[in-house]
Structure formats: structure tokens, C-alpha cells
S.K.: 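I'd like to ask some things about the structure below.
Numbering of ligands and ligand atoms starts at 1, following listing order. Heads up: numbering here begins at 1 and tracks the sequence.
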Amino acid sequence: MNDPRRLVPRTDVLLAAPPVLEAVQRLGRERVKAAITAAQEQARRGELPMAADDIVAAAIDALPSAATDLRPVINATGVLLHTNLGRAPLSAAARAAVDRAAGTCDVELDLTTGGRGRRGAAAVAALLAAVPGAAEAHLVNNGAAALALVAVALAGGERREIVVSRGELVEIGDGFRIPDLLTSTGARLREVGTTNRTSPADYAAAVGEQTAFVLKVHPSNFVVSGFTRSVELEELTGLGVPVVADIGSGLLTPHPLLPDEPDASTSLARGATIVTASGDKLLGGPQAGLLLGAAGEGAELVARIRRHPLARAMRVDKLTLAAVEATVRGPVTPVRRALDTDVVDLRKRAEQIVAALRGAGVDALVADTGSTVGGGGAPGVVLPSAAVALPERYAAALRAGEPAVLGRVEDGRCLLDLRAVGPDNDQPLTSAVLACG
Ligand SMILES: *Cc1c(COP(=O)(O)O)cnc(C)c1O
């Protein structure tokens, strides 16, 4: 009769209190419920009065007062770079670097002299150290900005034409198209070849007085097969104009599993004058656009590009600079680990999760699946993977959970593909499924 448990207000009553409902909206049920449980414990131990108001106040006090409405989502889609989920998750090193840079820092200050320093010098140095053949680098907000800046700086004056193959006029996604991006800068496109075939002679015939540069765009999100011909970078080097290679995905050096995915070092070695790429694709860093110039003309052009008035409008902040530097210098990124993990390990993890779920009565099975790189990278490449298969109705419940989990629905099942799920998320993923009850 004197069991103190009877006296503590019930969890469902406390969760219905208005300030608690507001906190649930802001922070999600799981975090708020955990704070309530902790406050109930305190009350049981006599550290708090037993009144509901006191317990609610203590729980609210323990929660952060401000937070973002952005909710963390466990990426169980099997798509490594999911644009709707913010593409690459940052490494622990990059997260720590962002945190360190978040206050005031020497992003544009030389602490030795006390005068202005080159903005982002450390990130540029890290890139130059990581990319053999790069002699100058510049960072902007994303890959599209890198391309737009090259176009406006190099094809905005006397020489206005960008020579580009019709086979490389790519739509990136969400209705955005590279040819529209380029012409919006005032540059003119000189399209050469056809959708399926372009030869070196097509480029040679088009290059002239008006040519600012030849552009090679990696058709990163589709493949053309059959009667095709495209021109390699080395075949474009003798035309007497700069060659800009938009490689897209942002590999700095070749990756053995993705032989068809271009990388910055190889592109420079094959004769690109300037390489442009994204920071949040296979590089595994924050959203950013990289501009890398080869020694000589490439370096001079990148130096000129970064002094262009519009470069100021595309300037990256200290958080991006810190994250890029840490990503480039740092240990293996989550994206790289997801790419390189052996399917045998994924299967083991799936078996462990399924065993835990079945033990709790959940109708779960291990399924063999295929993952993709996504984010407009490595089209057609399927990486063998393993998933936890659940009844379809779990898909919506998991999206609403805390943390939210995004799987994919296939053949009437909800598949939680583990390739893009970091191993440290196996437990939260399991708990999220159990919470769907
Ligand atoms: C992704 C991509 C872009 C755009 O880069 P963002 O960083 O998304 O702006 C441009 N070109 C290619 C080839 C790409 O794959």
C-alpha cells in the first residue's frame, strides 16, 4: 500500500501536460519521454515533490531550450548519398571541426602578423596536399556554384563560348539543368556532337576565337549504352584552350569499386586545366563546390576566378571550410566506410538485428538487397547489401518515430538496408522498430 510508485503521476498523464506537448513537438516524443522518466525517478527517490507540475517542470528544465526543427533520420534506404537526407553524413572529425570553428576563429586572420590572412587557407592546403597535380584550389557553396563561377569568370568577357558535347547536357535533379545554369551566366554554349556520339574532330571544328573553354561534364546520373562514342580528356588537351572537367562526385583519387567514376587527381593528370566537384557526394564532406587548378594555366585561372566579384556571392562560411578540411585530412568518412563495407559484415549485422526483433515478437527477416551510390554518382553500379525486411506498414511508422528511420518499400515489404546505416546506429534502429510495436 505504501509503494511510492503508486504516488508518482503516471507517464501518460505527464505527457499530456501542455508544456510537455509543446516540447514533444519541438524535440520528439522519445527525448521528452526520457526526461519525464528521469524526473519520475527523482521524485521516487524523494529528490522532487510528487506533484505533476514539479515533475513536468524538472523534465522541461532538463531538455534543451532551443533546438532545430530538422530531425535526424537514419538512412536505411540503401542509397548512400540521398539528396533529400542531406547527402553525406559528416565524419566525427568534421563534426568536431565544425564545433570548433563555430565560435570566432582565424578563418581570415594571420595570427602571426595580426593582419588579414587568406580566407580558408587551411582547407585549400588540405586539398592541395590530397590531390596530386593540383596547384591552386578554391571553395564555393556547391558544385553548381563552382561551374557557374567558372562560366561567368572565363566565358563572361571577350571569349564567350563554352564548347560542350550534346551527350553531356545533363539535368542534375529537381528540374535543374547544367546547360541552363551555364547560359544563365551570359555564356553561350557551342554544342558539339550528338546525344550518343561525339568525336575529337567535333571539338576541333568548334574551337575558335570565341572559345573560352571546353567543358567535359561527367554524365553522373545516367549511362548511355549501345552505339556510343565520347571523347577522353587527353584527347582535348591539344586544342589550345583550357579544358574544364566537371567530375561531379568529388572523389579526390580513384576508388577501386567505382572504376567508371572520375576523380580529381586522374582528371588533372589526363590534362584537365580545372576540375570542379561537389563536397557532399563521394568526398563525404559538407555541401561545397571545389575548384582545383593544374599547375600553370589552371592555377592562374583559379586565382583569377576567386577574385571575380561573384566569387564573393558564393563564399563559403567558416563551418564549411572547417568541415572540408577535416574531411580531406581526416580518417575514413562514413560515406567511404559505407561504400567499402563487405556484404558479409552487413549480413551479420542484419542477422543480429533480426534476432533481437524476432525475440520481441516482430515479424522481421534478413533480405539480400542491392544499394546504390545515389546523389548523381556511379549510375548503374549496384553494391550487394543486406536489409532487415519488415511488413510494409512499418515504413510510415518508422518515418514518424524518434529517431526517424527512412527505409524503402519494395514488393510489399519495408526494407531497412544497412549499407548506409553506420554500425553505431544498429541499436537506435532496432529500438525505433520496437517502438513501432
Ligand atoms: C552533382 C553534380 C553537380 C552539382 O553539384 P551540387 O554540389 O549538387 O551543386 C554538377 N555536375 C555534376 C556532374 C554533378 O554530378
S.K.: Determine whether Glu136 and Arg306 make a side-chain contact, defined as any pair of heavy atoms from C-beta on separated by less than 4.5 Å.
M.R.: yes
S.K.: Between Gln287, Arg87, His218, which one has a non-hydrogen atom sitting closest to atom 8 (O) of ligand 1?
M.R.: Arg87
S.K.: Is it the case that Ser249 and Glu261 place a side-chain donor and acceptor less than 3.5 Å from each other?
M.R.: yes
S.K.: Do the charged groups of Glu235 and Arg229 touch, with an N to O distance under 4.0 Å?
M.R.: yes
S.K.: Measure the shortest side-chain to side-chain distance between Leu139 and Leu127 over non-hydrogen atoms and say whether it is less than 4.5 angstrom.
M.R.: yes
S.K.: Please write down residue, atom name and distance for the protein heavy atom closest to atom 7 (O) of ligand 1.
M.R.: Ser278 OG, 2.6 Å
S.K.: Of all the non-hydrogen atoms in the protein, which one sits nearest to atom 9 (O) of ligand 1, and at what distance?
M.R.: Ala144 N, 2.9 Å
S.K.: Could you pull out the closest heavy-atom pair between Pro242 and Ala212, with the gap in Å?
M.R.: CD-O, 3.4 Å
S.K.: For Ser249 and ligand 1, does the shortest N/O to N/O distance drop below 3.5 Å?
M.R.: no
S.K.: What do we get for Ile178 next to ligand 1 when only non-hydrogen atoms under 4.0 Å count, side chain, backbone, both or neither?
M.R.: side chain
S.K.: Can a non-hydrogen atom of Val170 be found less than 4.0 Å from any atom of ligand 1?
M.R.: no
S.K.: Can you find an N/O atom of Ile247 closer than 3.5 Å to an N/O atom of ligand 1?
M.R.: no
S.K.: Would you mind telling me if ligand 1 is within reach of the side chain of Lys216, the backbone, both or neither, using heavy atoms under 4.0 Å?
M.R.: neither
S.K.: Leu80 pairs by side chain to side chain contact (heavy atoms under 4.5 Å, CB included) with which of Asn75, Leu282, Leu383?
M.R.: Leu383
S.K.: Just one of Val241, Ile162, Val207 clears the side chain to side chain contact (heavy atoms under 4.5 Å, CB included) bar with Phe213, so which one?
M.R.: Ile162
S.K.: Can you confirm whether Asn142 sits close enough to Ser278 that some side-chain heavy atom of one is under 4.5 Å from a side-chain heavy atom of the other?
M.R.: no
S.K.: Would you say Gly143 and ligand 1 have an N/O pair spaced under 3.5 Å apart?
M.R.: yes
S.K.: Does any N/O atom on Lys281 come nearer than 3.5 Å to any N/O atom on ligand 1?
M.R.: yes
S.K.: Of the protein's non-hydrogen atoms, which lies at the shortest distance from atom 12 (C) of ligand 1, and what is that distance?
M.R.: Asp246 OD2, 3.4 Å
